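As structure tokens, the structure follows; a few thoughts come after it.
In what follows, chains are A, B, ... by sequence order, proteins preceding strands, each numbered from 1. The shown structure was predicted, so the numbers you read here are calculated from the model rather than taken from an experiment.
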2 protein chains.
Amino acid sequence: MSLKFAVLAALHEQPATGYDLTRNFRTRMANVWNASHQQIYRELSKMTEEGLLEVEDVPQDSRPDRKLYRLSDAGIADLANWLTESQGRPPTRDPLLVKLFGGDLVDPESLMAEITRQRQNWRQELDRYRDIEAEYFSAPEQVPFRFRLQHLALRKGIRSMESNLAWADEVVAVLNHEIKSRS
Amino acid sequence: MSLKFAVLAALHEQPATGYDLTRNFRTRMANVWNASHQQIYRELSKMTEEGLLEVEDVPQDSRPDRKLYRLSDAGIADLANWLTESQGRPPTRDPLLVKLFGGDLVDPESLMAEITRQRQNWRQELDRYRDIEAEYFSAPEQVPFRFRLQHLALRKGIRSMESNLAWADEVVAVLNHEIKSRS
DNA sequence: TCGCGCATGTAAGTTGTTACATGATTTA
DNA sequence: TAAATCATGTAACAACTTACATGCGCGA
């Protein structure tokens, strides 16, 4: 239900094509909302039919035309209305933690390999977020309220990666302890 | 695809009914995997057909019989095999952060109400996790490896709630600043 | 020349949510 | 006596994933 609102919120920031949205969801909004291009194109068509979006065709040479989407008045109203409703927490589904629940079926070295891989991944993601922060939000006091809110969204991503990394260290310590005690 | 493995991992710990699994996913494993009872019953039937689980009928008076599920050898093999595959990160989809991206359409007081509500929610969840930790994992050195891994899963939940709460304070500060500057 | 970025989609299948359905027992 | 817990499911729908499909331009 809320891919719709993620799209509305993204287009509220500025008009964009399906391709732009796909890129944004994968990069700048990676810690906010995840969606594949297939999902996005489908949703854009549907929302346009429902009158929430307006499309502008931007012809290009030797490439498919860009379809630039922007919010209609109905779209803005729908988004504003949704913003007043209180949201539940998103469900948690973490395969890595599932692994821990069955982890005694494999050797600790195998778990170590996995946590190491994930840690690298989180590290990279954190670096990416920090780059975005440095580039767009380096002077938070001087920035309009709208961007401060976006900055806060990014801050959640940063904190969450930091938390993951600290946890990874805890896991590594336990695994090392176990590996030593077995040898 | 991995509800299947969440179920296998949960049943690997101990045999259980659909009802038990539903309760566990909602409480003790809340930070690991989320699933409704409808999904769980459907999956249990399917997995039994596929030969991954065995069912034992436990008759009861004046209540539907309990169906106690346990892993078959094929189920254990399937789980063990999955554990060696490296897992991707779960996708992020957070309506609260979407709200921040459209947040300039509503007044900051409304956002404040929402973040306050969420903060309470996180606070309760954190308390719950800490209770579980105190009850089951208070002497980590003396506990078998299997339980230490479960404890680590819980630790991730604890850290993540702590991180959310710290972030909430950051949000509240920004919103307060904005509310003052507007009045 | 091979892969990546740009730019759009369709189709099939899996997973997850919401609504409906039943009924006894325990607790406040 | 009303609500929560125990205990199981079915059906319809919505959301998400994976595979397939096309084709140009640019840089290594």
Side-chain angles (χ1 to χ4, degrees), chain A residues 1-8 15-27 30 32-50 53 55-69 82 87-95 98, chain B residues 1-8 15-30 32-50 52-53 55-69 82 85 87-95 98:
Chain A
M1 195 76 238
S2 23
L3 168 58
K4 174 179 161 185
F5 299 103
V7 167
L8 288 174
T17 67
Y19 190 86
D20 296 335
L21 288 173
T22 304
R23 207 195 319 87
N24 286 341
F25 282 148
R26 215 182 45 231
T27 55
V32 175
W33 203 269
N34 190 285
S36 64
H37 73 104
Q38 292 90 335
Q39 241 190 311
I40 289 167
Y41 284 119
R42 199 177 344 106
E43 193 70 21
L44 286 171
S45 304
K46 199 176 133 207
M47 290 168 72
T48 307
E49 268 181 44
E50 292 168 352
L53 303 181
V55 204
E56 182 190 340
D57 245 75
V58 185
Q60 292 191 126
D61 304 337
S62 66
R63 231 168 246 212
D65 297 353
R66 304 180 82 228
K67 291 191 183 175
L68 194 67
Y69 291 89
W82 178 78
Q87 299 305 314
R89 252 195 302 145
T92 308
R93 289 188 191 99
D94 191 337
V98 171
Chain B
M1 196 75 237
S2 26
L3 168 57
K4 174 179 160 186
F5 298 104
V7 168
L8 289 175
T17 67
Y19 191 86
D20 296 334
L21 289 173
T22 305
R23 205 196 319 90
N24 287 340
F25 282 149
R26 215 181 48 231
T27 56
R28 214 160 46 84
M29 294 178 74
V32 175
W33 203 268
N34 190 285
S36 63
H37 73 103
Q38 293 91 334
Q39 240 188 313
I40 289 167
Y41 285 119
R42 208 202 304 130
E43 194 70 21
L44 286 171
S45 304
K46 200 176 133 209
M47 289 168 73
T48 307
E49 268 180 46
E50 291 168 355
L52 301 171
L53 304 180
V55 204
E56 180 190 341
D57 245 73
V58 185
Q60 291 191 126
D61 304 336
S62 66
R63 233 168 242 213
D65 296 353
R66 305 179 82 226
K67 291 190 183 173
L68 194 65
Y69 290 90
W82 178 77
E85 292 168 19
Q87 298 306 314
R89 253 194 304 146
T92 307
R93 289 187 191 99
D94 192 337
V98 171

Worksheet item: Nucleotide by nucleotide, 5' to 3', does protein get under 4.0 Å of the base (B), only the sugar-phosphate (S), or neither (-) in nucleotides 19-28 of chain C, counting heavy atoms?
Response: BB---SS---
Item to complete: Respond yes when some side-chain nitrogen or oxygen of Thr17(B) is under 4.0 Å from OP1 or OP2 of dT8(D), and no when none is.
Response: yes
Worksheet item: Between Asp57(A) and Arg66(A), is there a salt bridge with N-O shorter than 4.0 Å?
Response: no
Item to complete: Please check the phosphate of dT14(C) (OP1 and OP2 only) for any side-chain N or O of Lys46(B) closer than 4.0 Å.
Response: no
Discussion item. If you compare every side-chain N and O of Ser45(B) against the phosphate oxygens of dG9(D) (OP1, OP2), does one of them come in below 4.0 Å?
Written reply: no
Worksheet item: Donor-acceptor pair under 3.5 Å: do we get one between Arg42(B)'s side chain and the base of dG16(C)?
Response: yes
Please list each protein N or O that sits under 3.5 Å from an N or O in nucleotides 1-4 of chain C, with the distance.
none

Item to complete: Ignoring the backbone of Tyr41(A), work out which of dA15(D), dG9(C), dT8(D) is nearest its side chain.
Response: dG9(C)
Item to complete: Identify whether any heavy atom of Lys4(B) sits under 4.0 Å from a base atom; if not, whether one sits that close to sugar-phosphate; answer base, sugar-phosphate or nothing.
Response: nothing
Discussion item. Looking only at the side chain of Gln60(B) (C-beta and beyond, no hydrogens), which of the listed nucleotides dA7(D), dT8(C), dG9(D) gets closest?
Written reply: dA7(D)
Discussion item. Are there over 12 heavy-atom neighbours, none belonging to Glu85(B), within less than 6.0 Å of that residue's CD?
Written reply: yes
Worksheet item: Hey, what do you get for OG (Ser45(A)) to NZ (Lys67(A)), rounding to the nearest 0.5 Å?
Response: 6.5 Å
